[in-house]
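Presented below is the structure to which this report refers.
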Amino acid sequence: MSDVEQTYFQRALSDFVYDVASAGAIRHLADMGCTVKQIQERLDFPTPYERIQKTVWKHLTDTGVIFSERPEQGKTGEKVEYVREYDSYGRASFRRVVVAETSTEPSEPCLLCCFGLLKYRDPERYAQVLGALEPEQAEYIEGLPWGVERVFHRPDKRMLGIYHTLVSAGLSEGVCFFQKLPGG
């Protein structure tokens, strides 16, 4: 086996072992509302903090809790339908038909979060924001690997609590706020 194949095999085996030993538990604990720190404390198999962060972030983006682009009102999509047709001998066959679909419903409200941008551009204000939050709220924010890009977060109970705490402290502007609906 070549070095490239050996490296590929070892990485695949490592990923498999990680998935069996930790990833499922991490996703489950994240769904239960645990922070990254709480997840690390509860795992039976020792897992690096950064790996837990990445797994939680990927799970939150895969499940639509965090997303990089906000669904827009009136966005056009495609819907696939299958139409049954009969030939001259009466045999049925199916034909795939793509139908354009336009949503007229307003997109759901979501919070625009700029924690990563703030962390790297203004560390003092970031520390002030974390200091204004309840300990578990700050632990949630600190545990996620926010990038420098702005992301959207579904307004679940935890995130609404963080938002209201920041509003009460006068710190939500430019950090965590509701994105206005188009035309709203």
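For residues 49-59, the pairs satisfying side-chain hydrogen bond (donor to acceptor under 3.5 Å, both in side chains) are Asp15-Arg51, Tyr18-Thr55, Asp31-His59, Lys58-Asp62, with sequence neighbours left out.
In terms of the side chain to side chain contact (heavy atoms under 4.5 Å, CB included) criterion, residue partners of Glu134 (sequence neighbours excluded) are, by chain and number, Gln137.
Smallest separation of non-hydrogen atoms from Pro155 and Pro109: CD-O, 3.4 Å. When all heavy atoms of Ile39 and Ala30 are compared, the pair lying nearest together is CD1-N, 3.9 Å. Across all their heavy atoms, Tyr140 and Ile162 have their closest contact at CD2-CD1, 3.8 Å. Closest heavy-atom contact between His153 and Cys113: CB-SG, 3.8 Å. Ala132 and Leu171 get closest at one heavy-atom pair: CB-CD1, 3.6 Å. Nearest heavy-atom pair, Ala138 versus Leu130, reported as atom, atom and distance to 0.1 Å: CB-O, 3.7 Å.
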>> What verdict does the side chain to side chain contact (heavy atoms under 4.5 Å, CB included) test give for Cys114 and Leu118, after you've listed the backbone C-alpha separation in whole Å, the side-chain angles of each residue and the deciding distance to 0.1 Å?
In response: CA-CA 6 Å; Cys114 305; Leu118 183 66; 5.6 Å; no
>> Working note: Cys176 + Met159, criterion side chain to side chain contact (heavy atoms under 4.5 Å, CB included); need CA distance, chi angles, decisive distance, verdict.
In response: CA-CA 9 Å; Cys176 180; Met159 207 60 202; 3.8 Å; yes
>> Before you tell me yes or no, could you show the steps for Leu144 and Leu60 under side chain to side chain contact (heavy atoms under 4.5 Å, CB included), namely the whole-Å CA-CA distance, both residues' side-chain angles and the distance that decides it to 0.1 Å?
In response: CA-CA 10 Å; Leu144 293 177; Leu60 293 177; 3.9 Å; yes
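In the hydrophobic clustering of ILVMFWY residues, with side-chain heavy atoms under 4.5 Å counting as a link, Leu117 and Leu133 come out apart. Each of Tyr120 and Ile66 belongs to its own hydrophobic cluster when Ile, Leu, Val, Met, Phe, Trp and Tyr are linked at side-chain heavy-atom distances under 4.5 angstrom. Linking ILVMFWY residues whenever their side-chain heavy atoms come closer than 4.5 Å, directly or via other members, leaves Ile26 and Phe45 in distinct clusters. Hydrophobic cluster membership differs between Val148 and Leu112, with clusters built from Ile, Leu, Val, Met, Phe, Trp and Tyr side chains linked at under 4.5 angstrom.
Arg125 CZ: more than 12 foreign heavy atoms inside a 6.0 Å radius. No more than 12 heavy atoms of other residues, nucleotides or ligands sit less than 6.0 Å from atom CG of Asp44. By the 6.0 Å contact criterion, CZ on Arg150 is open, its count of non-hydrogen atoms from other residues, nucleotides or ligands being 12 or less. Sparse packing is recorded around CD of Glu124, with 12 or fewer heavy atoms of other residues, nucleotides or ligands lying under 6.0 Å away.
A heavy-atom distance below 4.5 Å is found between the side chains of Gln38 and Glu139. Residues Val151 and Thr61 fail the side-chain proximity criterion, which asks for heavy atoms closer than 4.5 Å. For the pair Glu149 and Ser68, the minimum side-chain heavy-atom distance is 4.5 Å or more. Residues Val175 and Phe115 form a side-chain contact, since some pair of their non-hydrogen atoms from C-beta on lies under 4.5 Å apart. The shortest side-chain heavy-atom distance between Ile141 and Tyr126 falls under the 4.5 Å cut-off. Two residues are said to be in side-chain contact when any heavy atoms from C-beta on lie closer than 4.5 Å; Gln6 and Gln10 meet this criterion. In this structure the side chain of Phe152 never reaches within 4.5 angstrom of the side chain of Leu111, judged on heavy atoms. Residues Trp146 and Lys119 form no side-chain contact, since every pair of their non-hydrogen atoms from C-beta on lies 4.5 Å or further apart.
A distance of 10.5 Å separates CZ of Phe178 from OG of Ser172, quoted to the nearest 0.5 Å.
Panel note: side chain Arg154, backbone Gly64; a donor-acceptor pair is recorded below 3.5 Å.
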